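Heads up, the thing below is written out as structure tokens.
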Protein chains: 2
Amino acid sequence: MKIEEIIKSASMPLARKTVINIIYTANVLSEQSSDTLKQFGLTLPQFNVLRILRGQKGKPANLSTIQDRMVNKMSNTTRLVDKLIDKGLAVRVICQENRRKVEISITDKGLQLLSQIDAPMDRLNDQAVAQLSEEELNLFNDMLEKIRE
Amino acid sequence: MKIEEIIKSASMPLARKTVINIIYTANVLSEQSSDTLKQFGLTLPQFNVLRILRGQKGKPANLSTIQDRMVNKMSNTTRLVDKLIDKGLAVRVICQENRRKVEISITDKGLQLLSQIDAPMDRLNDQAVAQLSEEELNLFNDMLEKIRE
DNA sequence: TTTTTATTGTTGTATATACAAATGTTGTTT
DNA sequence: AAACAACATTTGTATATACAACAATAAAAA
């Protein structure tokens, strides 16, 4: 369905329509992901941080590293990490070389949880873009890049 | 900058990359809009609701109408509207034909505020999509539509 | 060495949002 | 008419997030 129909808007400038379309579509995709993640007890930002930690391949990450790599830069990563620790999915150790820093690592339990989530999440993403060819998707990603600049 | 560089990720499946790219770009655009709106004392959802009310052209809207048309469907539109009323930008009247409903209208003050915001917001949106031609933008919007289905 | 500045995280506060339950109203069934 | 179901919105509660202020540590300057 066209975005104008969805938000029941009269015709609007193409630029405004495009921006609304991106934000609306992102909401749809986020909700789909959140729904899938809910059964695993994770929110989307929590899931993303867990994936970042896994990407460290054993090396711990400090808070600023995590923030750099987050899709949704949020002001308060401390409390998000707290939640992961409460659930036993991550651990926090104060860095000995620089005691201002903390080192955060994913636990075995965290890795195990992620391994369960990978397949359903990839399936979800595949479905989302199934109507576009690889070539179209590459073009589409390039366009997004241009919009961000 | 490519999305993989931004979130400092190793290469990932194209579908996942695309979904992350959309969500990340939507965040960038939302933040830009929020920054502009902040000086007018509005959040992005509040601004969108005000625009919906203006689109009614004098006719009041009830809560469910507003929710239908919102870009970010939120569970609690009541309190969002409360904020607009606190600021004197909207008024709420209980509908006489059906006393379960409430009729919400934009005030003159609200209309006046919106008229100040229109130009800077359109300029922002224009800038965002400036690197794409009209033809490309139409293609892009079609692709977003396919992704939502 | 002491003071100042910068870095890295954490905490407090206000607001926003999701979700479920509750309220008040209207329509329908018995 | 009384009981029940449906509707439209509001409220309660928990969690999330933005923003600013705070603390602790380290590095740099005086």
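Model, not experiment: these values are computed from the prediction. Residue numbers start from 1 in every chain, and the chains themselves are labelled A, B, ... in the order their sequence lines are given, proteins ahead of strands.
- Among the atoms of the strands shown, none is found under 4.0 Å from any heavy atom of A:Thr77.
- OP1 or OP2 of D:dT9 sits under 4.0 Å from a side-chain N or O of B:Ser64.
- Among the heavy atoms of the strands, none lies under 4.0 Å from B:Gln67.
- Within the structure, every side-chain polar atom (N or O) of A:Lys101 is placed at least 4.0 Å from both OP1 and OP2 of D:dA24.
- Salt-bridge formation is not detected for the pair B:Arg51/B:Asp118: no Lys NZ or Arg NE/NH1/NH2 atom is positioned less than 4.0 Å from an Asp or Glu carboxylate oxygen.
- Listed candidates were D:dT15, C:dT10, C:dA16. Nearest to the side chain of A:Lys83 is D:dT15.
- Considering only side-chain N and O atoms, A:Thr43 lies nowhere under 4.0 angstrom from the phosphate OP1 or OP2 of D:dT15.
- A salt bridge links A:Arg92 with A:Asp82: the closest approach of a Lys/Arg side-chain nitrogen to an acidic carboxylate oxygen falls below 4.0 angstrom.
- In the set C:dT10, C:dC19, C:dT26, the nucleotide with an atom closest to the side chain of B:Arg100 is C:dT26.
- In this model, no side-chain donor or acceptor of A:Arg99 finds a partner on the base of D:dT25 within 3.5 Å.
- B:Lys38 has no side-chain polar atom (N or O) that falls below the 4.0 Å cut-off from OP1 or OP2 of D:dA18.
- With distances taken from any side-chain atom of B:Asn76 to the nucleotides D:dT11, D:dT9, D:dC19, the minimum falls on D:dT11.
- Although no hydrogens or angles enter the test, the distance criterion places a donor-acceptor pair under 3.5 Å between the side chain of B:Thr36 and the main chain of B:Gln32.
- Taking atom CD on B:Glu31 and atom C1' on D:dT17, their separation rounds to 12 Å, with Å as the unit.
- Atom CG in B:Leu37 sits about 17 Å away from atom C1' in D:dC19, given to the nearest Å.
- In this structure, the side chain of A:Lys101 does not engage the main chain of A:Ser64 through any donor-acceptor pair within 3.5 Å.
- No contact: B:Glu103 has no heavy atom under 4.0 Å from any strand.
- Using modelled atom types and a 3.5 Å distance limit, the side chains of A:Asn27 and A:Ser30 yield no donor-acceptor pair.
- Nucleotide C:dA16 holds its P atom 10 Å from the CG atom of B:Asp86, rounded to whole Å.
- Here the side chain of A:Arg79 is nearest to one of D:dA16, D:dA26, C:dG12, namely C:dG12.
- B:Thr78 comes within contact range of at least one nucleobase, with a heavy-atom separation under 4.0 Å.
- Rounded to whole Å, atom P of C:dG9 lies 14 Å from atom CE of A:Met70.
- Following rounding to the nearest Å, B:Glu97 (CD) and C:dT25 (P) show an atom-to-atom distance of 16 Å.
- Between the P atom of C:dA14 and the CG atom of B:Leu80 lies a distance of 20 Å, rounded to the nearest Å.
- Atom pair A:Leu42:CG and D:dT15:P shows a separation of 15 Å (rounding to whole Å applied).
- In terms of modelled atom types and a separation under 3.5 Å, the side chain of A:Lys59 and the main chain of A:Leu53 share no donor-acceptor contact.
- At whole-Å resolution of the value, CG in A:Asn62 and C1' in C:dT7 are 11 Å apart.
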